[in-house]
Amino acid sequence: MDFYPTMLAAAGVDQPKNHTLVGVKFLPVLKNTAKIERDTVYWHFPCYVGRANPSSAIRMRNWKLIEIFED
């Protein structure tokens, strides 16, 4: 969800007025000029690499919940 606002910032394009963006721009992190502080991180890994199955995860502090989309 952070890629869209980050790509807009990298291209120098303003956020569309009729769109609500949930993500944050991480362009300063890529430029090594700032850090993003978050207490929760979400991600999805939709492909098969090695023995991995498609899965999603939520990480909050020392806890991580992983949902694997295979039996």
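Heavy-atom basis, side chains included; hydrogens, waters and symmetry copies ignored.
Side-chain contact between Ile58 and Thr40 is present, with at least one heavy-atom pair separated by less than 4.5 Å. Looking at heavy atoms from C-beta onward, Phe69 lies out of side-chain contact with Pro46 at the 4.5 angstrom threshold. Residues Thr6 and Val29 are not in side-chain contact: their nearest non-hydrogen atoms beyond the backbone lie 4.5 Å or more apart. You'll find the side chain of Arg59 stays beyond 4.5 Å of the side chain of Tyr42, heavy atoms only. For the pair Arg61 and Asp39, the minimum side-chain heavy-atom distance is below 4.5 Å. Considering only heavy atoms from C-beta on, Leu8 comes within 4.5 Å of Pro16 through its side chain.
In terms of modelled atom types and a separation under 3.5 Å, the side chain of Ser56 and the main chain of Glu67 share no donor-acceptor contact. In this structure a side-chain-to-backbone donor-acceptor pair under 3.5 Å is missing from His44 to Ala57. Judged purely by atom type and a 3.5 angstrom limit, Asp2 uses its side chain to pair as donor or acceptor with the backbone of Val24.
Within a 6.0 Å sphere centred on CH2 of Trp43, heavy atoms belonging to other residues, nucleotides or ligands number more than 12. Annotation: Asn18, atom CG; neighbour count of heavy atoms from other residues, nucleotides and ligands within 6.0 Å is above 12.
At a threshold of 4.5 Å between side-chain heavy atoms, the hydrophobic network of Ile, Leu, Val, Met, Phe, Trp and Tyr places Leu21 and Phe26 in two separate groups.
Side chains of Glu70 and Tyr48: a donor-acceptor N/O pair is present below 3.5 angstrom, by distance only.
Minimum interatomic distance between Ala9 and Lys25 (heavy atoms only, all atoms of both residues): CB-CD, 3.6 Å.
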